[in-house]
Amino acid sequence: MPDAGYLTIGKLVKKLQDKYPDLSVSKVRYLEDEGLLNPSRTPGGYRLYSARDAKRLEDILYLQKNRFLPLSVIKEELKHSEHAAMQSTEKNIELRFDIDDEETVNRLHPIDRMPDLLGVSVSFVRQLAEAGIIAFKRSPHGRDLVDGHDFALIRIASQLGRYNIGPKNLRQYVTAANRESTMFEQALISYGKARQSKDEEGQAAFDAAFDQMLALTNALRSTLIRKSVTNRTNGVYTS
């Protein structure tokens with residue numbers, strides 16, 4: 001196989017480490033083991049990553065870092081978006097997630113730009129701030145600024161609005177997230193020590209444990225909610 005345009009695993013890691021300093025060869029291999037990456041191989045068995053593979057890896061890392069999604073959910077999201085892209089040739093299809101570029105994420109944006117940037121009203125964004133979902137920064141001139149890292153939260157809240165679930169209804173999730181984060185921190189103490197030592201295997205183990213905990217608690221929460229709704233509505237809502 002010709003290797004023009006392909007990257008070795010070492011070069012791939014080096015290419016993305018400026019944006020994702022914690023990225024390591026062992027983590028890339030772990031993502032491959034989990035079925036999220038499928039690089040080509042030379043006759044000698046060496047991995048070769050195409051530009052498409054590199055973009056997929058960058059999307060995975062972004063969703064982990066900025067959307068805090070577990071790998072199982074990321075895998076389904078990527079599968080869905082790729083299927084949607086294949087189905088769409090002449091019309092635009094709204095994907096289940098949008099990926100902002102690094103510059104957008106790392107900037108503060110005037111609140112009056114939210115209608116153009118995210119398609120939501122200024123009043124809606126203010127309601128999210130009042131509910132504690134996001135927090136404004138202040139410019140030297142006293143203007144409210146929105147952190148680009150919060151764009152994902154705003155989009156999710158906007159989607160929930162379609163089902164009459166408004167910002168006030170989301171306060172409970174802020175309380176729950178704060179409570180659960182403490183539980184996670186305690187559970188990850190042993191992994192955190194290895195992570196702080198900059199050990200690649202320790203970092204991979206930390207990420208894997210964190211992803212699995214998020215996946216399991218999300219599954220538990222969803223199952224309990226479905227069970228409760230089903231019981232209250234005498235089986236109207238089924239799986």
Side-chain angles (χ1 to χ4, degrees), residues 19 59 61-70 72-74 76-77 80-81 92 94-188 210-211 213-233 236-237:
K19 290 184 179 179
D59 289 347
L61 297 174
Y62 175 89
L63 291 171
Q64 277 191 309
K65 178 180 178 181
N66 297 291
R67 296 282 298 278
F68 310 106
L69 297 180
S72 58
V73 175
I74 291 175
E76 290 303 312
E77 292 283 1
H80 176 87
S81 65
N92 294 323
E94 181 182 2
L95 301 181
R96 291 167 63 189
F97 65 87
D98 292 312
I99 297 178
D100 298 302
D101 58 60
E102 197 74 10
E103 181 181 359
T104 298
V105 170
N106 291 322
R107 286 181 54 194
L108 298 176
H109 306 266
I111 190 173
D112 55 14
R113 291 276 292 132
M114 293 304 100
D116 294 331
L117 292 174
L118 300 176
V120 298
S121 67
V122 170
S123 62
F124 178 75
V125 178
R126 291 196 182 283
Q127 289 174 38
L128 290 178
E130 291 171 1
I133 302 298
I134 65 172
F136 293 140
K137 308 291 184 181
R138 283 298 181 96
S139 74
H141 302 291
R143 300 175 66 191
D144 288 328
L145 303 175
V146 179
D147 191 329
H149 290 91
D150 288 339
F151 279 16
L153 291 170
I154 297 172
R155 289 192 180 99
I156 293 170
S158 177
Q159 293 290 325
L160 286 170
R162 299 180 180 181
Y163 303 97
N164 295 318
I165 299 177
K168 290 183 179 180
N169 304 120
L170 303 181
R171 290 179 185 270
Q172 59 186 310
Y173 292 97
V174 177
T175 302
N178 290 335
R179 182 171 59 247
E180 289 186 49
S181 64
T182 300
M183 176 186 70
F184 278 38
E185 289 169 5
Q186 293 174 345
L188 289 166
F210 197 6
D211 289 337
M213 288 168 57
L214 285 169
L216 290 170
T217 52
N218 286 337
L220 178 64
R221 186 183 306 108
S222 298
T223 302
L224 289 172
I225 292 174
R226 182 180 293 278
K227 178 182 178 181
S228 179
V229 171
T230 300
N231 289 341
R232 293 179 185 179
T233 56
V236 172
Y237 296 94

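What you see below is based on every heavy atom in this structure, not just the backbone, and it leaves out hydrogens, waters and symmetry mates.
In terms of modelled atom types and a separation under 3.5 Å, the side chain of Ser181 and the main chain of Ala177 share a donor-acceptor contact. Not one N or O on the side chain of Ser228 forms a donor-acceptor pair closer than 3.5 Å with the backbone of Leu224. Looking at Asn169, its side chain does come within 3.5 Å of a backbone N or O of Gly166 through a donor-acceptor pair.
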Show me the donor-acceptor pairs within less than 3.5 Å that the side chains of residues 110-119 make with the rest of the protein, sequence neighbours left out.
residue, atom, partner, partner atom, Å
Asp112, OD2, Arg143, NH2, 3.3
Arg113, NH1, Asp116, OD2, 3.3

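Within the 4.5 Å cutoff, the side chain of Arg138 has no heavy atoms near those of the Leu145 side chain.
Taking CD of Gln159 as the reference point, atom CD1 of Ile165 lies at 11.5 Å (rounded to 0.5 Å). With rounding to the nearest 0.5 Å, the separation of CG in Leu170 from OG1 in Thr175 is 11.5 Å. Rounded to the nearest 0.5 Å, atoms CD1 (Ile74) and CG (Asp211) are 6.5 Å apart. Rounded to the nearest 0.5 angstrom, Ile154 CD1 and Ile134 CD1 are separated by 4.0 Å. Leu128 CG to Leu153 CG: the interatomic distance, rounded to the nearest 0.5 Å, is 8.5 Å. A distance of 10.5 Å separates CD of Glu77 from OG of Ser72, quoted to the nearest 0.5 Å.
Nearest heavy-atom pair, Phe124 versus Pro167, reported as atom, atom and distance to 0.1 Å: CE1-CG, 3.8 Å. The nearest pair of heavy atoms linking Glu103 to Arg107 is O-CG, 3.0 Å. Here the closest heavy-atom approach between residue Leu214 and residue Pro70 is recorded as CB-CB, 4.0 Å.
Within a 6.0 Å radius of CG in Asn178, more than 12 heavy atoms belonging to other residues, nucleotides or ligands are found. In Lys65, the NZ atom is crowded: over 12 heavy atoms of neighbouring residues, nucleotides or ligands sit closer than 6.0 Å.
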Side chain to side chain contact (heavy atoms under 4.5 Å, CB included) assessment of Val146 paired with Val125
CA-CA 9 Å; Val146 179; Val125 178; 4.1 Å; yes
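A ring pair (Phe, Tyr, Trp, His ring centres under 6.0 Å) check over residues 130-178, counting only residues at least two apart or in different chains, returns the pairs His109-Phe151.
The side-chain contact (heavy atoms from CB on, under 4.5 Å) test with Glu180 is passed by exactly one of Glu185, Met213, Arg221: Arg221.
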